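Keep in mind the model is a prediction, meaning the values are calculated, not measured. Atoms considered below: every heavy atom in the structure, side chains included; atoms not considered: hydrogens, waters and symmetry mates. Protein chains get the first letters and strands the later ones, always in sequence-line order, with residue 1 at the start of each.
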Amino acid sequence: MTPSIAPRFILRWEPAQQAHLLLFPEGVVKLNGSAGEILALCDGRRSAPEIIDALQQKFDAPDGVIAEGVYRFFSEAESKGWVLT
Amino acid sequence: MSDLSIPRGLPMWLTAELTYRCPLKCSWCSNPLDYAAYTANELDTDEWKRVLTEARALGAVQLGLSGGEPLLRDDLEVLVAHADKLGFYTNLITSGVGLTEARLDALIAAGLRQVQLSLQASTATLTDRLVDARAHALKLEAARMVKARGLPMVLNVPLFRHNLGEIDALLRWAAELGIEYVELANIQYYNWALMNRAELMPSLEALREAEQVVERWREAGKRGEHGMTLYFVIPDYYEGRPKACMNGWGNIHLTIAPDGIPMPCVEARVLPGLEFPSVRMHSLDWIWNESPLFKRFRGFDWMSPTCRECPDKEKDFGGCRCQAFLLTGDAAATDPACSRSPDHREVAEITRRAGQPIHFHMPLVKRAATAVIAEATEEVQ
Ligand SMILES: C[S@@+](CC[C@H](N)C(=O)[O-])C[C@H]1O[C@@H](n2cnc3c(N)ncnc32)[C@H](O)[C@@H]1O
Ligand code: SF4
Ligand code: SF4
């Protein structure tokens with residue numbers, strides 16, 4: 001699976017809020033830290049395992065924790081229409 | 001229509017009213033009655049660019065380019081390009097009149113993300129009568145052009161007595177075209193709509209019927225028969241619950257009028273005793289954070305005791321200031337749409353009258369520069 005942000009959505013780092021925002025017609029979602037980090041890696045080129053790898057290198061977490069979080073996030077984000085997998 | 005989970009205090013939603021000029025003459029238009037007086041004072045391209053830059057620095061992310069008819073500004077492409085470079089999510093709010101294939105392509109190339117198109121009826125006869133121009137065919141053509149380019153689209157249907165029965169037909173058309181969002185927006189009664197209120201205001205029965213139509217479409221959506229997101233709210237007049245107007249005064253919304261006057265909402269200029277500092281004279285940072293205008297109804301301190309002691313004040317912020325002023329004469333009063341307001345009887349009376357058949361129909365006053373003068377003369381007589 002190679003996740004990408006759905007075309008209607010735009011991800012943006014917002015200095016004024018120190019957070020990633022997801023912009024879409026009629027709305028704004030302020031993402032929490034991990035959701036922002038994950039989405040920022042969804043460029044349509046990286047596969048899900050590559051995204052997990054990248055996060056694992058950045059954040060020192062026990063094996064499996066990041067992977068589980070990432071897959072849980074993808075299923076939620078997909079149901080909200082944010083990402084295509 | 002903002003997500004309530006977002007943090008408060010930043011002007012995330014910016015509406016730039018580029019001009020009040022417009023080829024249509026809607027009798028419910030929210031523009032000021034003296035809209036023609038603004039033409040000579042419109043901000044120029046560089047002034048708008050500066051405003052956009054400053055707003056973005058303050059944390060604005062969603063930009064609505066509105067009016068009047070924004071397509072009448074021939075620097076629209078330049079402003080869209082500037083906004084996109086700054087990182088705005090830019091939405092064109094238009095009647096569709098004046099949109100051409102070439103113009104749309106140029107706007108998309110400049111970074112336009114979304115189009116909000118207004119449409120009032122499913123037939124040319126009714127639309128054209130309501131907006132007092134041959135606009136229906138142009139609006140349908142605009143919708144087709146936008147969808148052909150895959151841009152997300154919001155259909156805005158301003159609702160009133162004359163077109164409540166159009167919802168079903170309009171939704172059928174919108175579903176077929178693949179429109180993503182439909183705002184079935186019961187009009188707000190300010191300015192032109194207030195002038196025509198007696199004619200425009202629907203009965204509660206008609207609203208309930210409309211609500212059922214919308215409910216059926218929502219059910220169909222859940223069954224996967226269409227992909228539209230529908231917004232429909234029974235107006236606050238009828239529910240006894242005030243709206244959380246603008247999500248609070250000076251909280252997340254900022255509107256700039258064509259002449260550079262910043263407003264907490266598009267109607268704020270009806271309020272007396274407020275000083276409106278122009279973006280020509282002040283930085284947007286000062287205007288948003290320091291100006292008496294934006295502080296005037298921020299938070300809870302200004303509230304009447306009715307609201308200050310009410311547990312719902314964080315939900316609705318005491319309702320709408322403009323409505324409070326227009327119906328009670330006091331802008332700091334509890335919104336009379338609220339059943340707890342001492343002035344709620346007035347609203348109840350207006351809605352009761354809306355339920356009765358009108359025996360003597362008055363012609364709708366069309367938005368026109370001369371209409372206001374006619375109105376003023378009548379008052380003198
Ligand atoms: C003032 S118009 C300007 C843009 C463009 N001329 C148009 O009509 O789409 C902005 C939006 O406000 C809506 N509108 C106009 N009068 C209104 C009112 N009294 N209450 C609520 N919405 C209104 C229009 O349908 C439109 O979607
Ligand atoms: S609501 Fe009608 S009259 Fe008012 S600006 Fe829009 S199209 Fe023009
Ligand atoms: S009394 Fe004021 S705060 Fe309470 S519900 Fe009514 S308008 Fe809202």
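- Of the inter-residue distances, the one linking A:F24 atom CZ with B:Q62 atom CD reads 8.0 Å to the nearest 0.5 angstrom.
- Heavy-atom neighbours of chain B within the stretch residues 48-57 of chain A, taken at a separation under 4.5 angstrom, are nonexistent.
- Heavy-atom neighbours of B:E219 CD from other residues, nucleotides or ligands within 6.0 Å: above the threshold of 12.
- Looking at A:R8, the atoms closer than 4.5 Å to chain B (heavy atoms on both sides) sit in the backbone and in the side chain alike.
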ask   = Does the side-chain contact (heavy atoms from CB on, under 4.5 Å) test come out yes or no for B:Y89 and A:V28, once each step is laid out?
value = CA-CA 10 Å; B:Y89 192 99; A:V28 181; over 6 Å; no

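- Separating the CE atom in B:M12 from the NZ atom in A:K30 is a distance of 8.5 Å, to the nearest 0.5 Å.
- Contact of B:V154 with chain A is made through the side chain alone, with heavy-atom distances under 4.5 Å.
- Between chain A and the residues B:A57, B:G64, B:G87, the largest count of heavy-atom pairs under 4.5 Å involves B:G87.
- Smallest separation of non-hydrogen atoms from B:G59 and A:A16: CA-CB, 4.0 Å.
- To the nearest 0.5 Å, the span separating CZ on B:F88 from CD1 on A:I10 amounts to 12.5 Å.
- Here the OG1 atom belonging to B:T90 is positioned 10.0 Å from the CG atom belonging to A:L23, to the nearest 0.5 angstrom.
- Open room surrounds CG on A:D60; 12 or fewer heavy atoms of other groups in view lie less than 6.0 Å from it.
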